[in-house]
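As a basis for the values below, the full set of heavy atoms in this structure was taken, side chains included, without hydrogen atoms, waters or symmetry mates. Quick note: residue numbers are just sequence positions, from 1.
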Amino acid sequence: VFGRIGRPDDNIFDPIGINAFKEVVKKYSNAHYLIVAPPPKLEQIVRKENIPNVHFLPLIAEEKDVWAFHNIIDVLAHFRKDGETCGLNIAESMLCGKPIISHKSPIWNAHLEYLDNSFSRVAEVNNSNQYAEFMTEFIEAKNNGKIIEMGKCAKEKGNELFLIQNNIGKFEKWIDESLK
């Protein structure tokens, strides 16, 4: 089960994820894609091309539901035309121990600063074939159990980077140094 959280904004929609999934689901009919708050263009593509196993979910407002979503998917399959200045949903998925698929953007790529090959794959700009290869790799990793280790690496990196208790000492040191 791949997942994506976004917002229903056609201006930031990148078809890389759905184009990749369209090819992957032909070979892996048990693959599914849960997409929260899909852009209208995405819904149109899925309907027009009759892409199976794509499930649209409404915008999530409650924090408990965001965490529940990340915990039910196997892999976060992220896409966004303008990239990320941080990538909150990527960080959340990492904290839940989920591997990540993303792509480069011609605009912002801050998420590339913390994604590494131990748990993530990043396709080149507009390369849906490469994105599909990564989806296939993660399906096979799920089937042979390797996805568990990748999830552990994602969680470890997420804990290190994004949990305040693991970073407060650095912040305190920076404050102390600036006051001297």
Side-chain angles (χ1 to χ4, degrees), residues 1-39 41-46 48-49 51-56 69-70 73-144 146-155 157-158 161:
V1 176
F2 297 99
R4 191 254 183 187
I5 294 182
R7 65 177 193 257
D9 183 349
D10 284 342
N11 294 314
I12 61 169
F13 171 58
D14 189 314
I16 192 169
I18 198 63
N19 288 340
F21 185 76
K22 177 175 63 176
E23 298 308 313
V24 169
V25 76
K26 290 175 185 175
K27 182 176 179 185
Y28 297 95
S29 61
N30 63 337
H32 289 263
Y33 207 160
L34 304 180
I35 300 176
V36 174
K41 284 183 186 176
L42 174 58
E43 291 180 288
Q44 290 169 359
I45 291 169
V46 169
K48 180 181 174 193
E49 299 185 25
I51 304 170
N53 301 347
V54 178
H55 311 280
F56 298 126
F69 174 81
H70 288 293
I73 64 173
D74 294 304
V75 175
L76 182 74
H78 169 266
F79 56 81
R80 184 175 164 143
K81 181 179 177 180
D82 58 355
E84 291 291 348
T85 57
C86 173
L88 177 61
N89 67 66
I90 296 172
E92 291 165 341
S93 245
M94 289 169 61
L95 289 168
C96 291
K98 305 302 174 173
I100 310 295
I101 301 173
S102 190
H103 62 96
K104 293 179 181 176
S105 165
I107 302 173
W108 295 306
N109 288 296
H111 59 303
L112 304 183
E113 295 176 16
Y114 57 82
L115 294 178
D116 69 51
N117 204 43
S118 69
F119 64 89
S120 65
R121 301 293 182 268
V122 179
E124 294 297 324
V125 175
N126 300 324
N127 193 334
S128 60
N129 291 331
Q130 186 180 34
Y131 200 106
E133 289 171 13
F134 296 149
M135 286 182 142
T136 298
E137 177 185 349
F138 283 125
I139 289 170
E140 291 172 3
K142 168 96 174 160
N143 292 340
N144 66 27
K146 290 181 182 177
I147 203 165
I148 294 168
E149 187 58 37
M150 295 177 92
K152 287 178 185 176
C153 291
K155 186 173 181 113
K157 182 90 174 234
L161 294 175

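- Heavy atoms only, all atoms of each residue included: Met150 and Ala141 are closest at SD-CB, 4.4 Å.
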Between Arg80 and Arg7, is the side chain to side chain contact (heavy atoms under 4.5 Å, CB included) condition met? List the steps.
CA-CA 10 Å; Arg80 184 175 164 143; Arg7 65 177 193 257; 3.8 Å; yes

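- One finds the CD atom of Glu133 at 7.5 Å from the CG atom of Asn127 (value rounded to the nearest 0.5 Å).
- For the atom pair Ile90 CD1 and Ile101 CD1, the distance stands at 11.5 Å (nearest 0.5 Å).
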Give the intermediate values and the outcome of side chain to side chain contact (heavy atoms under 4.5 Å, CB included) for residues Ile139 and Phe2.
CA-CA 9 Å; Ile139 289 170; Phe2 297 99; 3.8 Å; yes

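- The side-chain heavy atoms of Ile45 and Phe13, taken from C-beta on, include a pair separated by under 4.5 Å.
- Once rounded to the nearest 0.5 Å, the distance linking OG of Ser118 with NZ of Lys152 reads 13.0 Å.
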Using the rule given for side chain to side chain contact (heavy atoms under 4.5 Å, CB included), can you reason through Phe134 versus Glu137, listing the C-alpha separation, both sets of side-chain angles and the distance that settles it, and then say yes or no?
CA-CA 5 Å; Phe134 296 149; Glu137 177 185 349; 3.9 Å; yes

Salt bridge (Lys or Arg N to Asp or Glu O under 4.0 Å), that's the test. Do Lys146 and Glu149 meet it? Break it down for me.
CA-CA 6 Å; Lys146 290 181 182 177; Glu149 187 58 37; over 6 Å; no

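- Interatomic distance, Glu84 CD to Ser102 OG, rounded to the nearest 0.5 Å: 7.0 Å.
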Atom pairs and distances, donor-acceptor, side-chain atoms in residues 28-38, under 3.5 Å, two or more places apart:
from  : atom 1 : to     : atom 2 : distance (Å)
Tyr28 : OH     : Glu140 : OE2    : 2.7
His32 : ND1    : His55  : NE2    : 2.7
Tyr33 : OH     : Ala77  : O      : 2.8

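- No more than 12 heavy atoms of other residues, nucleotides or ligands lie within 6.0 Å of CD1 in Ile148, so this atom counts as exposed by the packing criterion.
- Remark: the backbone N or O of Ile107 is not paired with any side-chain donor or acceptor of Asp82 at under 3.5 angstrom.
- His103 is linked by a ring pair (Phe, Tyr, Trp, His ring centres under 6.0 Å) to nothing, counting only residues two or more places apart in sequence or in another chain.
- Considering every non-hydrogen atom in both Val24 and Ala132, the closest pair reads CG2-O, 3.5 Å.
- Annotation for Lys155 and Leu95: closest pair NZ-O, 3.4 Å, computed over non-hydrogen atoms.
- The two residues Phe119 and Met94 make their nearest non-hydrogen contact at CZ-CE, 3.5 Å.
- Using a 4.5 Å heavy-atom cutoff, the side chains of Lys104 and Val122 are in contact.
- We find the SG-CD1 distance between Cys96 and Ile73 to be 8.0 Å, quoted to the nearest 0.5 Å.
- Using a 4.5 Å heavy-atom threshold, the side chains of Ile5 and His70 count as touching.
- Side-chain atoms of Ser128 and Ile16, non-hydrogen and from C-beta on, do get closer than 4.5 Å to each other.
- Minimum heavy-atom separation, Tyr131 to His78: OH-O, 2.8 Å.
- The two atoms that bring Ser93 and Leu76 nearest to each other are OG-CB, 3.5 Å, heavy atoms only.
- Summarising the geometry, atom CG belonging to Leu42 is positioned 8.0 Å from atom CD1 belonging to Ile51; distances are rounded to the nearest 0.5 Å.
- For the pair Tyr114 (side chain) and Gly158 (backbone), a donor-acceptor distance under 3.5 Å is absent.
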Full working for side chain to side chain contact (heavy atoms under 4.5 Å, CB included) between Asn19 and Phe79:
CA-CA 11 Å; Asn19 288 340; Phe79 56 81; over 6 Å; no

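- You'll find the side chain of Val54 stays beyond 4.5 Å of the side chain of Val25, heavy atoms only.
- With Glu124 contributing its side chain and Gln130 its backbone, the two residues share no donor-acceptor pair below 3.5 Å.
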